[in-house]
Asks: 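Mind having a look at this structure? Questions to follow.
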Amino acid sequence: KTVLNLKSDQESEQITYEEIKSGVTFKGTNFWIMAFAIFISCIGLNINSKAAVIGAMIISPLMGPIFGIGFSLGTLNASLLKLSLRNVFRIIMVSILCSTVYYLLSPYHIATDELLSFSKPTIFDILLAFMGGMAGMIAISRHDGNRVLVGIAVATACIPPLCTAGYGIATLQWQYILGGLYTYFINALFICLGCYIITKYLKFAQF
């Protein structure tokens with residue numbers, strides 16, 4: 001029981017709530033960082049650079065609203081759920097807009113292997129997203145969880161599929177538009193599910 005106890009080093013529930021709520025916000029600094037992260041990811045996909053794509057996933061604030069949805073469902077917080085959904089929609093719109101603009105301006109319209117890999121999700125992508133959602137919620141509820149969240153952002157790969165969708169719009173190829181959006185929504189759904197399960201397991205109070 002001592003080894004498996006998740007509550008032994010858990011921070012205050014109020015602190016966790018405030019951290020999640022601040023991460024949900026998408027404006028100002030987060031807006032600009034998100035835009036730059038999308039451009040970096042697009043360049044990485046364009047030149048088959050895994051390092052650039054990983055760097056974009058590390059710096060992006062994309063995960064905040066997704067965890068906000070899972071946490072708000074677990075605590076029955078309607079206002080946080082509305083805020084999270086609104087900001088997820090904003091992130092999707094901004095990400096697709098930035099990636100579309102990049103690929104319209106880029107002289108290289110080649111569907112690289114790296115780009116194609118984010119248009120067809122597999123069962124392993126679902127498992128990564130689900131495990132990442134659970135690990136992420138555990139990390140958020142600790143005092144020193146940021147280092148874990150960085151790894152989760154890389155493992156769950158939510159930014160590249162949106163870049164793939166932008167590539168599809170820029171080149172008028174529906175298979176990439178639908179494949180990229182489908183991959184993103186599958187990842188986001190199972191991250192939310194994992195976050196929801198841990199929120200219920202830790203028995204967070206309603207905020």
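All values below come from the heavy atoms of this structure, side chains included, with hydrogens, waters and symmetry mates left out.
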Asks: Do the non-hydrogen side-chain atoms of Thr183 and Thr164 ever get within less than 4.5 Å of each other?
Replies: no
Asks: Please find the pair of heavy atoms, one from Ile91 and one from Pro65, that lie closest to each other, and give the distance.
Replies: CD1-CG, 3.6 Å
Asks: Strictly distance-based, threshold 3.5 Å: is any side-chain N or O of Asp125 a donor or acceptor partner for the main-chain N or O of Thr122?
Replies: yes
Asks: Taking only residues two or more places apart in sequence, or in another chain, which ones meet Tyr196 in a ring-ring contact (aromatic ring centres under 6.0 Å, His included)?
Replies: none
Asks: Does any part of the side chain of Ser49, heavy atoms only, come nearer than 4.5 Å to the side chain of Ile43, both counted from C-beta?
Replies: no
Asks: Are any of the side-chain heavy atoms of Ile59 and Ile40 separated by less than 4.5 Å?
Replies: yes
Asks: Side chain to side chain contact (heavy atoms under 4.5 Å, CB included) for Ile38 and Tyr102? Distances and angles first, verdict last.
Replies: CA-CA 9 Å; Ile38 287 294; Tyr102 170 82; over 6 Å; no
Asks: Give, for atom SG of Cys192 and atom CE of Met137, the distance between the pair rounded to the nearest 0.5 Å.
Replies: 12.0 Å
Asks: Tell me yes or no: between the side chains of Asn46 and Tyr167, is some donor less than 3.5 Å from an acceptor?
Replies: no
Asks: Which atom pair, heavy atoms only, marks the closest approach of Cys98 to Ala35?
Replies: SG-CB, 3.9 Å
Asks: Let me confirm one number: the CD1-CG distance from Ile197 to Leu73, rounded to the nearest 0.5 Å.
Replies: 12.0 Å
Asks: Indicate whether the side chain of Thr16 and that of Glu11 have a donor and an acceptor atom separated by less than 3.5 Å.
Replies: yes
Asks: Is the shortest heavy-atom distance from the side chain of Ile191 to the side chain of Phe130 under 4.5 Å?
Replies: no
Asks: Under 4.5 Å between any side-chain heavy atoms of Phe67 and Thr199, yes or no?
Replies: no
Asks: Starting at OH of Tyr17, measure out to CD1 of Ile20 and round the result to the nearest 0.5 Å.
Replies: 9.5 Å
Asks: For Cys158 and Met63, which heavy atoms make the closest approach, and how far apart are they?
Replies: SG-SD, 4.4 Å
Asks: State whether the side chain of Ser22 and the backbone N or O of Glu19 hold a donor-acceptor pair below 3.5 Å, judged by distance alone.
Replies: yes
Asks: What closest approach, in Å, do Ile69 and Leu81 show between heavy atoms, and which atom pair accounts for it?
Replies: CG2-CD1, 3.9 Å
Asks: Assess whether side chain to side chain contact (heavy atoms under 4.5 Å, CB included) is satisfied between Ile159 and Met34, documenting all intermediate values.
Replies: CA-CA 9 Å; Ile159 277 191; Met34 187 72 226; 3.8 Å; yes
Asks: Using every non-hydrogen atom in the two residues, find where Ile169 and Ile177 come nearest and quote the distance to one decimal.
Replies: N-CG1, 3.5 Å
Asks: Just verifying a value: how many Å separate Asn187 CG and Tyr182 OH, rounded to the nearest 0.5 Å?
Replies: 10.5 Å
Asks: Has Asn87 got a side-chain atom pairing as donor or acceptor with Val24's backbone, closer than 3.5 angstrom?
Replies: yes
Asks: What distance do Lys50 atom NZ and Leu45 atom CG have between them, rounded to the nearest 0.5 Å?
Replies: 10.0 Å
Asks: How long is the gap from NZ on Lys200 to CZ on Phe71, to the nearest 0.5 Å?
Replies: 11.0 Å
Asks: Are Leu128 and Ile123 linked, directly or through other ILVMFWY residues, by side chains that come within less than 4.5 angstrom of each other?
Replies: no
Asks: Do you see a donor-acceptor pair shorter than 3.5 Å between the side chains of Gln173 and Thr171?
Replies: yes
Asks: Taking all non-hydrogen atoms of both residues into account, name the closest pair between Val53 and Pro160 and its distance.
Replies: CG1-CG, 3.6 Å
Asks: If you define the side chain from C-beta out and look only at heavy atoms, does anything of Pro161 sit under 4.5 Å from Leu181?
Replies: no
Asks: Does the side chain of Cys195 reach to within under 4.5 Å of the side chain of Met134, using non-hydrogen atoms?
Replies: no
Asks: Walk me through whether Ser99 and Leu162 qualify under side chain to side chain contact (heavy atoms under 4.5 Å, CB included).
Replies: CA-CA 8 Å; Ser99 57; Leu162 295 177; 5.7 Å; no
Asks: Tell me if a side-chain donor or acceptor on Ser41 pairs with a main-chain N or O of Ala37 at a distance below 3.5 Å.
Replies: no
Asks: Between Phe124 and Met57, is there shared hydrophobic-cluster membership here, with clusters defined by ILVMFWY side-chain heavy atoms closer than 4.5 Å?
Replies: yes
Asks: Enumerate the residue pairs fulfilling ring-ring contact (aromatic ring centres under 6.0 Å, His included) with a member in residues 20-39, sequence neighbours excluded, ordered by first and then second residue.
Replies: Phe26-Phe31
Asks: Are Trp174 and Ile96 joined in one hydrophobic group, where the rule is that I, L, V, M, F, W and Y side chains link up if heavy atoms are under 4.5 Å apart?
Replies: yes
Asks: Please determine whether side chain to side chain contact (heavy atoms under 4.5 Å, CB included) holds for the pair Ile92 and Phe185, giving the CA-CA distance in whole Å, both sets of side-chain angles, and the decisive distance to 0.1 Å.
Replies: CA-CA 10 Å; Ile92 293 173; Phe185 283 117; 3.9 Å; yes
Asks: Within a strict 4.5 Å, meaning less than it, do heavy atoms of the Met93 and Leu97 side chains meet?
Replies: no
